[in-house]
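Heads up: the structure comes next, in structure tokens.
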Amino acid sequence: MLFLLSEVYAQSQAISGKVTDAATNQGLPGVTVLVKGSATGTSTDIEGNYSINVPATGTLSFSFIGYTTIERTIGSATTINVALNVDAAQLGEVVVTGYSTSTQQSFTGTAKVVSGEALDRKNVSNVSQALAGEVAGVRVINTSGQPGSVGTVRIRGLGSVNGNRDPLYVVDGVPFNGSLNSINPGDIESATVLKDAAATAIYGSRGANGVIVITTRSGRGKASYIEADASTGTNMALLPRYSTIKSPEQYIGLSWEALYNQGVARNDANPTNFANTRLFSTAGIRTNYNLWNATAAQLIDPATRTVRPDVTRKYDPENWEDFAFQNAARNEVNVKFGGSSGKTNYYSSFGFLDDQGYIINSDFQRLSARLNVT
């Protein structure tokens with residue numbers, strides 16, 4: 001028995017090496033190194049290095065998600081270095097769920113990926129607005145028309161009656177609790193929306209309302225590059241307005257008549273006086289909103305319930321809409337540069353957005369800067 005053990009030991013040898021990406025020459029962590037036809041194997045470290053004891057005869061198999069599997073005969077070599085090529089067909093079929101991987105055919109969850117190119121086609125201030133109309137079952141409600149406002153996102157309806165209904169945002173693997181306005185949509189590589197129980201299985205109760213996984217851009221696997229883009233646009237009203245009250249005189253006349261009718265309904269002895277004393281007060285229109293050179297009694301003719309023709313204004317603007325609305329400009333500039341060399345990849349971006357709203361004094365500005373070196 002001692003002779004046989006010595007013979008087996010003599011036939012095994014230690015092999016080490018490094019597994020890299022053929023395109024970038026960077027080490028690949030987590031690559032499975034397996035002796036073909038056996039259970040003997042290991043995986044590469046964070047730098048792509050590995051070490052394994054193997055028999056003198058046999059074949060080593062190197063496999064990694066999204067890459068073509070390569071086999072190498074062991075022979076008498078003590079060092080085997082391997083460069084893996086990306087398998088585009090396999091990469092398109094693999095779905096990473098957070099706790100395992102699966103093919104698209106066997107994946108039973110619901111996940112939708114929105115590419116960065118789809119987000120770039122929209123002139124929006126944040127990712128919540130960019131997701132509108134991109135994913136089935138995802139509803140984006142813009143509760144405010146102010147530029148830069150974050151929309152309310154609901155994935156497959158309401159998940160709670162009184163509790164939090166917002167989805168969990170995960171940016172580059174880290175739960176994100178800040179404002180989405182701080183993330184420049186130009187820095188987003190992709191956004192994946194998890195809509196069903198798979199989200200809860202990965203992220204626990206925090207994913208009960210769905211999860212939006214945001215992956216930002218990096219320079220990994222790319223030659224050095226510089227990109228610059230600029231866009232400009234106009235915020236303006238193109239749809240015709242509904243028929244509204246045409247003048248301040250018409251508005252103040254209807255307000256006085258409403259108070260007059262209220263006095264009648266209360267059986268007031270003098271409904272005219274009831275309306276006059278309340279028109280410019282906390283019960284009606286505040287005193288500082290009186291733009292006429294007259295009191296309420298001097299302003300309204302009780303017989304016609306309209307403004308007397310001889311009353312003049314304190315000031316006379318030509319168009320009241322000009323005091324509330326404007327045709328405003330939206331300007332955005334982004335500069336990005338990145339790339340990879342050897343074991344290092346880098347990405348940096350600078351962006352500026354100035355979005356003036358259609359309503360006067362409603363504007364949004366964002367100055368963003370990002371640096372990622374690995």
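Position 1 is the first residue of the sequence; numbering continues from there. No hydrogens, no waters, no symmetry mates; every other heavy atom, side chains included, goes into these values.
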Hey, does [Y] have a side-chain heavy atom less than 4.5 Å from the side chain of [X]?
X: Phe364; Y: Asp354; result: no
X: Phe325; Y: Ile359; result: yes
X: Arg366; Y: Glu332; result: yes
X: Lys36; Y: Glu71; result: yes
X: Glu189; Y: Ser218; result: no
X: Gln26; Y: Asn345; result: yes

Original post:
After noting the C-alpha distance and the side-chain angles of Tyr346 and Ser224, does the key distance pass the side-chain hydrogen bond (donor to acceptor under 3.5 Å, both in side chains) rule?
Top reply: CA-CA 9 Å; Tyr346 62 94; Ser224 298; 3.0 Å; yes
Original post:
Between Glu47 and Lys18, is there a side-chain N and carboxylate O pair less than 4.0 Å apart?
Top reply: no
Original post:
In terms of side-chain geometry, is the basic nitrogen of Asp187 or Arg370 positioned less than 4.0 Å from the acidic oxygen of its partner?
Top reply: no
Rounded to the nearest 0.5 Å, how far does [atom2] of [Y] lie from [atom1] of [X]?
X: Asp355; Y: Arg330; atom1: CG; atom2: CZ; answer: 5.0 Å
X: Asp172; Y: Arg217; atom1: CG; atom2: CZ; answer: 12.5 Å
X: Asn49; Y: Ser51; atom1: CG; atom2: OG; answer: 9.5 Å

Subject >> Donor + acceptor pair across side chains of Ser368, Asn184 (<3.5 Å) >> reply: yes
**OP:** Check Thr215, Ile214, Val211, Leu194 against Val170 for a side chain to side chain contact (heavy atoms under 4.5 Å, CB included) and give me the one that passes.
**Re:** Val211
Original post:
For the side chain to side chain contact (heavy atoms under 4.5 Å, CB included) test, which of Val127, Ile155, Thr192 pairs with Ile212?
Top reply: Ile155
Original post:
Can you name the nearest heavy-atom pair linking Gly17 to Thr79, along with the distance?
Top reply: CA-CG2, 4.4 Å
Original post:
What are the two closest heavy atoms between Leu28 and Thr44, and how far apart are they?
Top reply: O-OG1, 2.7 Å
**OP:** Applying side-chain hydrogen bond (donor to acceptor under 3.5 Å, both in side chains), run through Gln298 and Trp292 and close with a yes or a no.
**Re:** CA-CA 10 Å; Gln298 298 168 341; Trp292 295 272; over 6 Å; no
**OP:** On the 0 to 90° scale, with breaks at 30° and 60°, tag the Phe64-Tyr67 ring pair as parallel, tilted or perpendicular.
**Re:** tilted
